[in-house]
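Reviewing the structure listed below.
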Amino acid sequence: MAGGWKKCLFLIGFSLICLKPVVSAKTAPQIPTIDQAYSKISNSITVEWATVPGATSYLLTAEDGDTVIETMVANSPGTVTGLKAATLYQITIRSISAAGRSQASPPKQAKTVLAAPILEVSSPSPDSILVQWEAVYMAIGFSVSIMQANGLGRIWKENTTNTSLTFSSLDAGTLYTIKAYAWNANGIPGDDSTCNQRTMACAPGRVMIQEDPPGHLSVAWSNVDLGDYYVAFVKSDDGWEVHCNTSTTQCSFLSECGFTYFISVFAYNKAGQSPLGDVFNYTTAPCCPSDINPVLVSSERVEMVWSPVRGAELYETKAVAGSNVVECNDTAPACTLSALECDTKYSITVYSFSEVRGINMSCRSRFITTGPCSPEIISISKDAFSMIHVHWRSTNDDATYTVTAQGEKGLYQCSSTGESCTLGDLPCGSVFSVTAVAETQAGWSLPSYSMPLETVPCCPTGMTVTQVTQSVINVSWAIGMAAQTYVTVLESHIGQSKCHTHQSHCLLGCITCGINYTVALKAISATGLTADCTYQSYSSNACCPLGVKLYRLGPNGIRIYWQASRGSANYSTDLYGSKGIFTCTPSAGLSFCDVTEIPCGDVYTVVVSPVAETGLKLTFCPKKIYSVTCSGSTLGMVIYRGKRNDTVSPR
C-alpha cells in the first residue's frame, strides 16, 4: 500500500563520570596493561586488560584530539560510551585502590565503527517497498535486506553504493522487516537499522461517472480483491469536497452547473489504504447568464453585458428578427451585435458554452427594438443674409429631426418634422460640425454623418508697424480667430513688398527710407477662406547719413561731419568713450556738429542717427570707431579705427 514515510533512528547514549583525586600516603596500585581495544557499536569502544592486584576499580579514558571521555568500570572488559562514530581514539586505563590511582597505561588506538543509516521506507505500489537513507560518514557501501515480519518466506539482500533501493515482486498487504547497515573501506560493518513496512491493497479500477438526472452524480467502480470497504472522494474546482464511505461499489453525490468535479476511489483493508489510482474529472454543463443587460448603443448596434457564469468558456449571443440572424461569439461576458436593422424588434439570447459539455440550450431570450434610422444630410447652403439652410433625407415615419452645428464658440440648433431647417447668427472665425438626428418612441437615432461648416476668419486687431533697420520693418498684430496664415502687403509708388506667414508678425524687406507706404493685412483660414482686414498708411524713417568723419578743433574739440541722406531730417550725434558719453544736436539743415571739452588719448564710438518726428532716436545706423591722440601740436590727430564690429588694434 502507499503508506506515509517512516523514519528509523538509532539512538545512542553516553555517560561521563568525574572523579576527585585521592590523596594517600599509601603506595598507589600498579599500572595496568591493555591487551586489546575494539569497537562493535558506533558509540563505544570495549577494552580488555590483565587484573591488577589490590585494584578496586579502573578508569578508562578515550581521547580523539578534541574531546576526552572517561568511564569508571569494576573489572575487565570495560566499555567507554558516548563516542563519535567512525572516529579514531587513544585509549588509556588507570587502576584505582584505597591507596590512590596509578599512572595511565601506555595508549592503544581503536576506531569506532560506522553509524547506522537512518531509513525512510514507503510502499509506492502494492508489490514494492522503497528504502531511502542519507549518506553515512566514511561509508563506501550499504547492505539492505528484507523479509516478511512473520519470518516466513525468503530473505532478499542487496549491496549498493547508492542511498536508495527498491524491492519489487512483493506480496500485497504484507508486513515486511527491513534491515540495513554501512561498511567502511576495510569492509568492517557498522551499526544496523531496522524498520517495518506493509505493502496494500490495489486501487479500484473501471471507475464510471454519470450525471442522471442533472444535478446528481453517480460514481461506480469494480470490486477489489483484499478490499473490505471503499471511500469515494468528490472535490469541486472551488475547493468544496465530500466523500462517501461504503461497502458497495457505487456512491451518489449532488452536483451544480458549471463545476468540474475530481473523483478518486480508495480501497481499505486491515493493512490500510490502497495507493491512489486514476483521478477522474467530470464537468457539468455551464450555467446560463441571468443578469443580461441589453443596452441600445445605436440604431444598428446592441451591446449585451452580463456577469460571468461558472463553467462557461465561451458565450454565443444571437439576435433574431424573422430571417435576419446576427451572431456574436466571445470569451468575455459582453458582446456587441452590429449590422442590425434600424427600427426593428429582435429576440436576443445569450448561450453559455464549454468544450467538454457543449452549449447550454436552456438559456432564455429577451426582446429589444432598435432605434430610428439616421437621417442623411444632403446639402448645406448660405444665402445673402448669412443664413444657413440644412437639407436631409430619411426613411423614418413620424420622426422629429434636430440639426446641430457645434463648434468652439457654442452650439446652434434647429428642429423640424420635415426635411430642412435654418441656422442663423453664426459667429466669424468658427468651424462647425453639422449633424442631424431622428427621434421616435424607441429613442434616438445615431447622428448623421457630419458635414463641415466654416465661417470666414475674424480680422486681427492691434496692427503695429516698427522699423527694424533702414530697409526692414516689422508688422505685428493680435491673432484673429480661425486665421491660420496672414498676408501682409507694403505698397508705394515705387513698388510692393509682401510677406505670407503663420505667425503674428512679419518682416518686410527692401524698404526705401523716407517714403510713404500703404500697409494691408489679410487673414486666411486653413481651408483658404480670406478676410480683407486692415489698411494703414506708413512713412518709413529717414535714411542714415553717409560719410561720417571727425576733425580736431583745438586741443579739446571735435567736429563730426556727415552727408545728409535723401529727404529732410534732424540728426543726433553720440560719442562713447571710456571717460564719458558726449552728445550734440546740430541746428536744422546743418550736416555737422561740434563737441567741445572732449578728452584726448581715448577711443570713441561715433553714431550719427536721424531723429523721428516723435523725437525717437533711431538705433540702427552704423557705428564707427575713432582714436583721438594727444600730441605736442594743438591740432593733434584723429585716427579712424573702423566700424564698431571691426577689430581695433591696441595703441
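Predicted model, so just to flag it, every value in this text is computed and none were measured.
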Measure across Ser290 and Arg366 and return the closest heavy-atom pair with its distance rounded to 0.1 Å.
O-NH2, 3.5 Å
Compute whether any side-chain donor of one residue and acceptor of the other, for Asn223 and Tyr230, lie under 3.5 angstrom apart.
yes
Do Ser352 and Asn360 come within less than 4.5 Å of each other through their side chains, counting heavy atoms only?
yes
How long is the straight-line distance from CG of Leu130 back to OG of Ser122, given to the nearest 0.5 Å?
4.5 Å
Euclidean distance, Trp133 CH2 relative to Leu119 CG, rounded to 0.5 Å
7.5 Å
Verify the distance criterion only: is there a donor paired with an acceptor across the side chains of Ser338 and Thr336 at less than 3.5 Å?
no
Do we see a donor-acceptor contact under 3.5 Å between the side chains of Glu376 and Tyr449?
no
Give, for atom SG of Cys373 and atom CG of Asp343, the distance between the pair rounded to the nearest 0.5 Å.
6.0 Å
Does Thr46 use its side chain to pair, donor to acceptor, with the backbone of Thr79 at less than 3.5 Å?
no
Write down the atom of Ala405, the atom of Leu423, and the distance for their closest heavy-atom approach.
CB-CD1, 3.7 Å
Go through the steps for Phe432 and Tyr412 under the test ring pair (Phe, Tyr, Trp, His ring centres under 6.0 Å), then give the verdict.
CA-CA 9 Å; Phe432 295 92; Tyr412 299 81; 5.8 Å; yes
Evaluation steps, ring pair (Phe, Tyr, Trp, His ring centres under 6.0 Å), between Tyr229 and Tyr268:
CA-CA 5 Å; Tyr229 65 95; Tyr268 288 82; 5.1 Å; yes
Residues that His389 engages under ring pair (Phe, Tyr, Trp, His ring centres under 6.0 Å), provided they are two or more places apart
none
Using modelled atom types only, decide if a donor and an acceptor are shared between the side chain of Tyr176 and the backbone of Asp171 within a distance under 3.5 Å.
yes
Any donor-acceptor pair under 3.5 Å linking the side chain of Tyr351 with the backbone of Arg364?
no
Walk me through it: do Trp306 and Tyr315 pass the test ring pair (Phe, Tyr, Trp, His ring centres under 6.0 Å)?
CA-CA 10 Å; Trp306 58 91; Tyr315 300 95; 5.3 Å; yes
Short side-chain to backbone donor-acceptor contact, Thr370 and Thr344, under 3.5 Å:
yes
Are the side chain of Asn396 and the backbone N or O of Ala399 linked by a donor-acceptor pair below 3.5 Å?
no
Report yes if some heavy atom in the side chain of Thr194 is under 4.5 Å from a heavy atom in the side chain of Thr177; otherwise report no.
yes
Under a 3.5 Å distance rule, please check whether Thr284 uses its side chain to pair with a backbone N or O of Phe259 as donor and acceptor.
yes
Is there a donor-acceptor pair under 3.5 Å between the side chain of Thr283 and the backbone N or O of Thr260?
no
side-chain contact (heavy atoms from CB on, under 4.5 Å) between Asp237 and Phe262: does it pass, once the steps are laid out?
CA-CA 8 Å; Asp237 48 11; Phe262 300 91; 4.2 Å; yes
So, do Leu337 and Ile348 sit near enough that their side-chain heavy atoms are less than 4.5 Å apart?
yes
Any idea which heavy atoms bring Met304 and Ile292 closest together, and the distance?
CE-CG2, 3.3 Å
For the atom pair OG (Ser236) and CG (Leu217), what is the distance rounded to the nearest 0.5 Å?
11.0 Å
So Glu256 and Tyr261, do their side chains get closer than 4.5 Å, heavy atoms only?
yes
Within the structure provided, determine whether Ile129 and Leu170 are in side-chain contact (heavy-atom separation under 4.5 Å).
yes
Test your reading of the model: is there a side-chain donor-acceptor pair from Asn186 to the backbone of Ile188, 3.5 Å cut-off?
no
Within the structure provided, determine whether Cys257 and Arg310 are in side-chain contact (heavy-atom separation under 4.5 Å).
yes
Using only heavy-atom distances, determine whether the side chains of Ser164 and Asn162 contain a donor-acceptor pair under 3.5 Å.
no
Using a distance-only test with no angle check, is there a side-chain donor-acceptor pair under 3.5 angstrom linking Thr400 and Glu439?
no
So, applying side chain to side chain contact (heavy atoms under 4.5 Å, CB included) with His243, which one of Phe233, Phe253, Phe266 is it?
Phe233
Do Thr87 and Lys111 have side chains that approach each other closer than 4.5 Å (heavy atoms only, starting at C-beta)?
no
Would you call Pro308 and Pro333 a side-chain contact if the rule is heavy atoms closer than 4.5 Å?
yes
Side-chain donor-acceptor pair under 3.5 Å between Glu63 and Gln90, yes or no?
no
Does the side chain of Tyr401 pick up a donor-acceptor pair with the side chain of Ser394 at under 3.5 Å?
yes
Of all heavy-atom pairs linking Ser218 and Gln250, the shortest is OG-NE2, 3.3 Å
Quick one: do Tyr181 and Asp191 satisfy side-chain contact (heavy atoms from CB on, under 4.5 Å)? Show the steps, please.
CA-CA 6 Å; Tyr181 62 86; Asp191 295 340; over 6 Å; no
Euclidean distance, Asp192 CG relative to Ser143 OG, rounded to 0.5 Å:
10.5 Å
Centroid separation Phe142 to Trp183 less than 6.0 Å
no
Shortest non-hydrogen separation from Trp392 to Ser416 and the atoms involved
CH2-CB, 4.0 Å
Treating Ser76 as the side-chain partner and Glu48 as the backbone partner, does any N or O pair qualify as donor plus acceptor under 3.5 Å?
no
For the backbone of Ser44 and the side chain of Thr112, can you confirm whether one donor and one acceptor N or O come within less than 3.5 Å of each other?
no
Kindly give the heavy-atom pair with the smallest separation between Gly82 and Ile69, and that separation in Å.
O-CD1, 3.1 Å
